[in-house]
Novice: 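Supplied in structure tokens, the structure appears directly below.
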Amino acid sequence: MKVYLSSDMEGTAGVVDWGQCRGPGAEYDHYRRLLQDEVNAAIAGAMDAGATEFLVNDSHSSMQNLRPGELLGGARYLSGRHKPTYMMEGLDASFDAVFLVSYHGSMGGPSSVLSHTYNPAAIARVRLGGVEVGESGINALVALGHGVPVVLVTGDETTAEEARAVCPGIEAAVVKRSVTRFAAESLHPDEACALIRSGAAAALRGLSSARLPAIELPATLEVTFRNADLAEMACRIVGVERTGVLEVSITDADPVELYRTFVTVVLLTRGIAE
Ligand SMILES: [Zn+2]
């Protein structure tokens, strides 16, 4: 059994501030260790359920937050910037399941620690098929394209709810309760890791009944930007339609192509976001 793991950082138990998620510095070094422990807890749980092969795609910031030699399970490590399929780089149909570890809520949704949707300076909200989605829902497009179910998400309650809306039946390890975008009540790191481990094992034991993301094709992503300049620039990309002063829309029958167009929008608008 082969597991693909996409790791972010904002959803780790104890994390409540950007300074804890961005290096260099002692604070970042402390919290990246907690992230590493949560990633390893997910791998350990997967091994409990019989998984034997792992790819960890580091998806946070400059995407080099983990120590490759400390990953459990002989996991391969996909790290570094400018990946064309970004938070889902490396996923293909050879995998049996997708884990989303240390994820966070969407910019447009209820309060969630460090919530954003790819770029907090550029993107105000994203809807998929009319439903408000965060990174979990957007990234599920790639899983759908390769026919691999998303079976585990870890993070706060908001993140779990947003993932359930797109990935029905997903196992959620809720390791903190967000109070605001910058405050949360977290489980002790040991408790968080125990919960993630048991959640990962349960997710894979239920794999035979796991469903693919509930996204109708062709699918449409509607993106609302924080200002008109960003929408104006984004709609120069092939396949991106301007639908309002702040809005663009992307429709594609191929969910991976849809995701890649969205990633191109993210990368292009990053250059002019404040
Ligand atoms: Zn992140």
Novice: Atom CG in N57, atom CG in L66: separation rounded to 0.5 Å?
Specialist: 10.0 Å

Novice: Is it true that L187 and L100 fall in one hydrophobic cluster, defined by side-chain heavy atoms closer than 4.5 Å?
Specialist: no

Novice: List the steps and the verdict of side-chain contact (heavy atoms from CB on, under 4.5 Å) for K176 and V15.
Specialist: CA-CA 9 Å; K176 60 187 170 188; V15 166; 3.8 Å; yes

Novice: When rounded to the nearest 0.5 angstrom, what distance separates CD in E53 from CG in D96?
Specialist: 9.5 Å

Novice: Under a plain distance cut-off of 3.5 Å, with no hydrogens placed, do E241 and T243 share a side-chain donor-acceptor pair?
Specialist: no

Novice: Go through the structure and list residues passing side-chain contact (heavy atoms from CB on, under 4.5 Å) with A121, not counting sequence neighbours.
Specialist: N119, A273

Novice: Would you please name every residue forming a salt bridge (charged side-chain N to carboxylate O under 4.0 Å, His left out) with E185, sequence neighbours left out?
Specialist: R177

Novice: Measure the shortest side-chain to side-chain distance between R242 and E232 over non-hydrogen atoms and say whether it is less than 4.5 angstrom.
Specialist: yes

Novice: Going by heavy atoms in the side chains, are I250 and L258 under 4.5 Å from each other?
Specialist: yes

Novice: May I ask you to check whether S62 and R81 show a side-chain donor-acceptor distance below 3.5 Å?
Specialist: no

Novice: Mind checking whether V126 and L267 sit in one hydrophobic cluster, side chains of I, L, V, M, F, W, Y counted as touching below 4.5 Å?
Specialist: yes

Novice: So, do Y28 and N65 sit near enough that their side-chain heavy atoms are less than 4.5 Å apart?
Specialist: yes

Novice: Would you say that L268 contacts R236 through its side chain, given a criterion of any heavy-atom pair below 4.5 Å between the two side chains?
Specialist: no

Novice: Taking side chain as C-beta onward, heavy atoms only, is F182 less than 4.5 Å from L114?
Specialist: yes

Novice: For I272 and L230, which heavy atoms make the closest approach, and how far apart are they?
Specialist: CG1-CD2, 3.7 Å

Novice: Hey, could you give me the SG/CG distance between C193 and L34, rounded to the nearest 0.5 Å?
Specialist: 8.0 Å

Novice: Return each pair, listed once, that meets ring pair (Phe, Tyr, Trp, His ring centres under 6.0 Å) where at least one residue sits in residues 191-219; pairs must be two or more places apart or across chains.
Specialist: none

Novice: Side chains of L78 and K83: does their closest heavy-atom pair fall under 4.5 Å?
Specialist: yes

Novice: When the side chains of residues 69-76 are checked against the rest of the protein, which donor-acceptor pairs come out under 3.5 Å, sequence neighbours left out?
Specialist:
residue, atom, partner, partner atom, Å
E70, OE1, R33, NH1, 3.4
E70, OE1, R33, NH2, 2.3

Novice: Which pairs with one or both residues in residues 133-145 pass salt bridge (charged side-chain N to carboxylate O under 4.0 Å, His left out), sequence neighbours excluded?
Specialist: none

Novice: Counting only heavy atoms not in M233, do more than 12 fall under 6.0 Å of its CE?
Specialist: no

Novice: For N227, give me all partners under side chain to side chain donor-acceptor pair (under 3.5 Å), at least two apart in sequence or on another chain.
Specialist: none

Novice: Cut-off 3.5 Å, no hydrogens considered: what does the side-chain donor-acceptor table look like for residues 142-156, sequence neighbours left out?
Specialist:
residue, atom, partner, partner atom, Å
H146, NE2, L91, O, 3.3
T154, OG1, S102, N, 2.7
D156, OD1, S112, OG, 3.4
D156, OD1, T158, N, 3.3
D156, OD1, T159, N, 2.8
D156, OD1, T159, OG1, 2.6
D156, OD2, S112, OG, 2.8
D156, OD2, S178, OG, 2.5

Novice: Tell me whether T85 contacts the main-chain N or O of M88 through its side chain, where contact means a donor paired with an acceptor under 3.5 Å.
Specialist: no

Novice: What distance do E171 atom CD and L204 atom CG have between them, rounded to the nearest 0.5 Å?
Specialist: 10.0 Å

Novice: Going by the salt bridge (charged side-chain N to carboxylate O under 4.0 Å, His left out) test, which pairs reach into residues 22-31, not counting sequence neighbours?
Specialist: D29-R32

Novice: Between V265 and A234, what is the shortest heavy-atom contact and its length?
Specialist: CG1-CB, 3.9 Å

Novice: Taking all atoms of both residues into account, what is the closest heavy-atom pair of T261 and V238, and its distance?
Specialist: CG2-O, 4.0 Å

Novice: Roughly how far apart are S7 OG and M63 CE, rounded to 0.5 Å?
Specialist: 10.5 Å

Novice: With heavy-atom distances below 4.5 Å as the criterion, would you say the side chains of T12 and V175 are in contact?
Specialist: no

Novice: Between S61 and M9, is any pair of side-chain heavy atoms under 4.5 Å apart?
Specialist: no

Novice: Donor-acceptor pair, distance only, cut-off 3.5 Å: does the side chain of S186 make one with the backbone of A13?
Specialist: no

Novice: Salt bridge (charged side-chain N to carboxylate O under 4.0 Å, His left out): which pairs involve residues 252-274, sequence neighbours left out?
Specialist: none

Novice: Are L55 and M1 linked, directly or through intermediate hydrophobic residues, by side-chain heavy-atom contacts shorter than 4.5 Å (ILVMFWY only)?
Specialist: no

Novice: If you look at every heavy atom in A140 and C167, which pair is closest and at what distance?
Specialist: CB-SG, 4.0 Å

Novice: With the 4.5 Å side-chain cut-off for hydrophobic clustering, are L141 and I237 part of the same group?
Specialist: yes

Novice: Report yes or no: does S115 contribute a side-chain atom to a donor-acceptor pair with the main-chain N or O of S111 at less than 3.5 Å?
Specialist: no

Novice: Please list all pairs passing the salt bridge (charged side-chain N to carboxylate O under 4.0 Å, His left out) test where one or both residues lie in residues 206-227, with sequence neighbours left out.
Specialist: none

Novice: My understanding is that only residues two or more places apart in sequence, or in another chain, count here; which of them pass ring pair (Phe, Tyr, Trp, His ring centres under 6.0 Å) with F225?
Specialist: none

Novice: With side-chain contact (heavy atoms from CB on, under 4.5 Å) as the test, would you mind laying out the steps for M107 and R181 before giving the verdict?
Specialist: CA-CA 10 Å; M107 192 65 168; R181 284 187 80 221; 4.0 Å; yes

Novice: Please list all pairs meeting ring pair (Phe, Tyr, Trp, His ring centres under 6.0 Å) that have one or both residues in residues 97-122, counting only residues at least two apart or in different chains.
Specialist: W18-H116, Y86-Y118, H104-H116, Y118-F262

